[in-house]
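Both counts, for ligands and for their atoms, begin at 1 and track the order of listing.
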Amino acid sequence: MAEPLMRPKRKNPISRTRLPTLPPAARSYAALGLTAAAARGAFELQVCRDCSAVQYPPREVCRNCLSQRLVWRAQDGYGELTTETVLHTAQELFFRERLPWRVGMVRLDVGVNVIAYVHDRVGVSPCRVRIEAALDRAGQAVLVANPEHGRHALSDDPKLREMTCDPRTRKVLVSDGKSEVGQAVTRALVAAGADVIWVGEAEPWKKIPGFEALREVPQVKIVPLDVTDGRSVRELAGEIGAKVDILVNTADCHRTFGIAARRGIETAQLEMDVNYFGLLRLAQELAPVMKARAADGPTGAIAWVNVLSIFALANYPPHGTYSASKAAALSLSQALRAELKPAGVRVINMFPGPIDDEWDQLVLPPKLALAALAAALVEALKGSVEDVYPGDVAQDWRARYLDNPKVLERELSGGERSV
Ligand SMILES: [Zn+2]
C-alpha cells in the first residue's frame with residue numbers, strides 16, 4: 001500500500017538546494033508522437049494504414065509491410081503484465097537517486113509488447129493491466145501500467161508522484177483573484193487540498209462580492225498584484241517568490257472587439273498589457289526562482305499554468321484583438337516551457353472555449369461553466385499533461401484545427417461557423 005500524500009517537512013533553510021536530475025529525454029523523431037499524445041492525456045500508438053498492424057516502439061516504417069503510411073491512433077491500453085523486475089542499479093543519475101524502481105513488460109491485447117513503469121497498486125505478474133501514457137519530469141512520454149479495473153492516480157504511487165503536479169499540500173499563487181475564473185480556480189484549489197493560496201488583487205478599490213468572500217477562507221491570502229505594473233510584480237516576487245510551488249496565471253483582459261468596430265488601439269493595448277506582457281512580467285520575476293527550486297521535491301516548485309483561450313489557436317474575428325493577445329501569450333508560454341524544461345517545472349496551457357462570464361455574454365451556448373474550467377485545471381495538475389482543452393467547444397476547435405487550420409480560419413472568417 002502506498003503512503004498517502006502528506007504535508008512535507010519544512011526545508012532546512014541552510015541546506016543547499018540540489019540541482020535537478022531528469023530522466024533521459026532523448027527520443028527519436030518518430031517517438032515524439034507518443035509524447036505529443038501524452039501531452040494531452042492520450043495513449044496513442046502507430047497504426048499502419050496499409051496492413052492495420054499496430055506497432056511499438058515507434059518507427060519510420062511499418063514493421064510488417066514496410067509501408068510509410070503510419071498514423072497515430074488512440075489505444076485502450078489493455079493487456080497483460082507478463083513479467084516484471086525491480087531495478088536496484090542504474091546508470092542514469094535520475095534513477096540512481098530513486099531506486100528501487102519497478103518496471104515490467106506488458107503484452108497489449110493489440111499484439112505488441114511494451115516496457116512500462118508498474119504502479120504500486122498493480123498485483124504481482126502475471127496479471128491484467130491497463131497502460132496509460134504520462135509525461136515524466138523531462139517532459140517526455142513514458143508508459144505506466146495501472147490495474148485493469150479502477151484507475152489509480154499517479155500520485156498514489158510515491159515513485160510516480162513526481163510526474164504529477166498535485167496541488168495537495170502545495171503553495172500556489174493565483175495571479176488574479178478578481179475575475180470570475182480566478183475565484184473559481186481558487187476555490188477548486190482549496191478543495192484540492194492546497195496548503196496556501198496567494199491570490200493576487202489588482203485595483204483594491206473595486207469591491208467584488210465573490211472576491212471579498214475569499215478573504216474568509218483560511219488557506220487564502222490576498223496579496224497585491226497588478227500584472228500590468230512591473231514594480232508590483234517585482235515586489236510580490238521578492239516577498240513570496242521563493243515559496244511558490246505552483247503559479248496559476250488567471251490574469252485576463254477580454255473585450256469584445258474586432259478591428260473596425262472601435263477607433264484607436266487603447267483597448268487592444270490593454271489586452272496585450274495583461275494577457276501578453278502580464279505573462280512576460282510574471283515569467284521574468286518568478287520563473288528563475290521557480291527554476292532554482294525545482295529539485296526540492298515535496299517542497300519544490302513544480303508547475304506553471306496559463307489560462308489561455310481556444311482563440312489562441314485560430315482568430316475569432318468578433319474577438320479579434322483578444323484572440324491576437326492570446327496567440328501572443330501562447331507563443332510566449334512555449335518559450336517559457338522550453339526555459340523551465342531543464343529544471344523539470346511543467347508548463348500547462350489551458351485552452352477553454354467561450355466561458356460563462358460577462359465578456360462572452362453575447363456568444364451563443366454551449367459555454368464552459370466556471371466550475372468545469374476550474375475542475376479541469378485541478379485535474380490537469382493531478383495528472384500528467386501539458387495541454388488541456390476543457391469542454392466540447394474547445395475539443396471541437398482543436399479537432400478542426402488539427403485537421404486543417406486553413407479550413408477553420410475560413411469557417412470563422414466567413415461566418416460559416418460560430419463558436
Ligand atoms: Zn503495414
May I ask you to say whether D76 pairs ionically with R130, meaning some side-chain N is under 4.0 Å from a carboxylate O? no
Is the closest basic N to carboxylate O distance between D273 and R281 below 4.0 Å? yes
Applying side chain to side chain donor-acceptor pair (under 3.5 Å), can you list everything that pairs with D392, at least two apart in sequence or on another chain? none
Side chain to side chain donor-acceptor pair (under 3.5 Å) partners of S232, counting only residues at least two apart: none
Contacts table for residues 187-202: side-chain donor-acceptor under 3.5 angstrom, sequence neighbours left out:
| residue | atom | partner | partner atom | Å |
| --- | --- | --- | --- | --- |
| D195 | OD1 | R7 | NH2 | 2.7 |
| E201 | OE2 | K178 | NZ | 3.4 |
| E201 | OE2 | R215 | NH2 | 3.2 |

Can you count the protein N/O/S atoms lying under 2.8 Å from the Zn ion (ligand 1), leaving waters out? 4
Are S175 and N249 close enough that a side-chain donor and a side-chain acceptor fall under 3.5 Å? yes
